[in-house]
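Just so it is clear: chains get the letters A, B, ... in the order the sequence lines come, proteins before strands, and each one is counted from 1.
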Amino acid sequence: MNGKKETFEPINEGFIGMYICGPTVYSDVHLGNCMTFTKFDLIYRYLLYLGYKVRYVRNITDVGHLLDDGEDRISKGARIDKLEPMEVVQKYTNGFHDMMRIFNNKKPSIEPRATAHIIEQIEMVQQILDNGYAYEANGSVYFDTIKFAKEGKGYGQLSGRKIDDLIAESRDDLKNQGDKRHPSDFAIWMKADENHLMKWKSPWSLGFPGWHLECSAMSTKYLGPTFDIHGGGNDLKFPHHENEIAQNMGSCNCQPANYWLHTNMLLMNGRKMSKSDGNTITPTQLLTGNSEHITQSFSPMALRYFMLHSHYRSTLDLTNEGLIAAEKTYKRLMETLETLEQINSSVVTGTEDETIMKSLKEMHMHMMDDFNSPRAIASIFEIIPKINTHKSNDAKDTIGKDVLTSLKKELSEMIIDVFGLYNEKEVNGDSNTVDGLMQLLIELRANVRANKDWASADKIRDGLTGLKIKLKDGKDGTEWSYE
RNA sequence: GGUCGCGUGGCCGAGCGGUUAGGCAGAGGUCUGCAAAACCUCGUACAGCGGUUCGAAUCCGCUCGCGACCUCCA
């Protein structure tokens, strides 16, 4: 609320209520959307990892978003595609869910839709009216920001806006401004015109709820009047979150959330993504490689790693080079996990135990400090060379038994459970068959190599390279991986 | 125009008063039939110009660039 980091204290020991503003489902998911929800997924996963019982609510906005000309976004989508509004909603909700699954985001505990909570929203409008923080005009109901602000309720506090500025502000080029007493007032109920497709009965008019209202109503319904964490993209800070606070304060005089988290924007090549100047890319294009901005396709997990390798509060710059680096780093992480499965220890105390335990501790410390995933990853990379050294070290004495056990447990928990990365190699097709075939080929090649028949050995290796399979001849035999 | 934030080595990205972030790329080396991988070593970076300080990437001011919000947006 004050724009600073604070020590987190849950309202109820052991439980966390978290509300994240979800997407408006009127077109295909934007990449930035994917990143935001992936970053909150990391936060959700880490809270679960810490043992909290988390109720994670993420809404689907399927009504109430106005375009510049005052038309509902969903209705507009419906007109263009010649579909029922709910058909549009379903189509893009499905697409959104598919993308969330592809990026391995956990499903929220509750995913409420705005249109399924019209009654709750009407009730909230009534409460705000009853409390005197709203007024009706021509069938629409507006929130009275000036009265609210003058009573010291803190309008503008979250986004750092000053009341005087708001009062002084008087832009006259806004639409639907006619009935408002002041430009900063906002609609909590809108009267629908005849052509409007989505409308409901209310005490004031046949109309639809204002777009900030759904989050207030639904978060209250499922998490209570005040809950722990509220999050969303940076661009929602004002006016959306500010108005949400006003609505909650206006209806029940309570702050909706104790802690606000805002993710920062995704850029491409140092500039904002913008359809108009072509500086844009879709999740699908990244996955297929079908874009002039990239030289190859990227796997879902490579992309997920890319998104998580920057802090949630920082902007992230998407570049071809950066993506390629992320893909390699992700693979190295997975190979480390594989190596960890294979190795064992022959000593109680290893020579590297101390530094490894220190790095593990730091990894946790960084996650505890405002979910600093980049630093946590750096700690993991402090450990990786030690794992590889232990592997090639015949004495197996650099890592002690106990340390190796906790290393196996904690790294896989952090990488798989918290970061949500899985090994794509293992789910890539029928892994048992492929594994068997590869073992066979590796054995055959070992035979010809023993006979110093390098030509045959290289033929096998080159052939596999053509299939994007890489062979690595090590001390203890040959290993393989997908390129 | 107003409010706020950012500008870090070839690239991505942490740090935010004194200590090596980390990754990718690049260079050298060890190992290896060769290759790849792995391991070791290396770059001495903080937009520019001033100021504060024993000491600044980190604080202050100005300039330039980028971005967010102010109007729908994750």
Would you please name every residue forming a salt bridge (Lys or Arg N to Asp or Glu O under 4.0 Å) with D453(A), sequence neighbours left out? none
State which residues pass ring pair (Phe, Tyr, Trp, His ring centres under 6.0 Å) with [X]; sequence neighbours excluded, sorted by chain then number.
{"X": "F371(A)", "value": "none"}
{"X": "Y312(A)", "value": "none"}
{"X": "H230(A)", "value": "Y19(A), F227(A), H241(A), W260(A)"}
{"X": "F40(A)", "value": "none"}

Per the 3.5 Å Watson-Crick/G-U criterion and a run length of at least three, the stems involving RNA chain B are B:1-7 with B:64-70, B:10-12 with B:22-24, B:26-30 with B:38-42, B:47-51 with B:59-63
Can you give each donor-acceptor pair under 3.5 Å made by side-chain atoms of residues 379-388 of chain A, sequence neighbours left out, with the distance rounded to 0.1 Å?
unit_1, atom_1, unit_2, atom_2, d
S379(A), OG, H366(A), ND1, 3.4
S379(A), OG, R375(A), O, 3.3

With a 4.0 Å heavy-atom cut-off, tell me which residues in residues 265-273 of chain A come close to RNA chain B, sorted by residue number. M265(A), L266(A), G270(A), R271(A), K272(A)
Pairs: protein N or O with nucleotides 29-36 of chain B N or O, under 3.5 Å:
unit_1, atom_1, unit_2, atom_2, d
rG33(B), N7, R449(A), NH2, 3.4
rG33(B), O6, R449(A), NE, 3.4
rG33(B), N1, D458(A), OD1, 3.1
rG33(B), N2, D458(A), OD2, 2.9
rC34(B), O2, R461(A), NH2, 2.7
rC34(B), N3, R461(A), NH1, 2.9
rC34(B), N3, R461(A), NH2, 3.3
rC34(B), N4, D473(A), OD2, 2.9
rA35(B), N6, D473(A), O, 3.3
rA35(B), N1, D473(A), N, 3.3
rA35(B), N3, R461(A), NH1, 2.8
rA36(B), N1, D473(A), O, 3.0

Encode nucleotides 21-26 of chain B as B, S and - characters from 5' to 3', where the letter depends on protein heavy atoms closer than 4.0 Å: B to the base, S only to sugar-phosphate, - to neither. BSSSS-
Quick one: side-chain contact (heavy atoms from CB on, under 4.5 Å) partners of A114(A), sequence neighbours excluded? D62(A), V63(A), Q121(A), E214(A)
Tell me every residue that passes side-chain contact (heavy atoms from CB on, under 4.5 Å) with T282(A), counting only those two or more places apart in sequence or in another chain. T284(A), Q285(A)
At under 4.0 Å between heavy atoms, what does G32(A) touch on the DNA or RNA strands: base, sugar-phosphate, or nothing? base
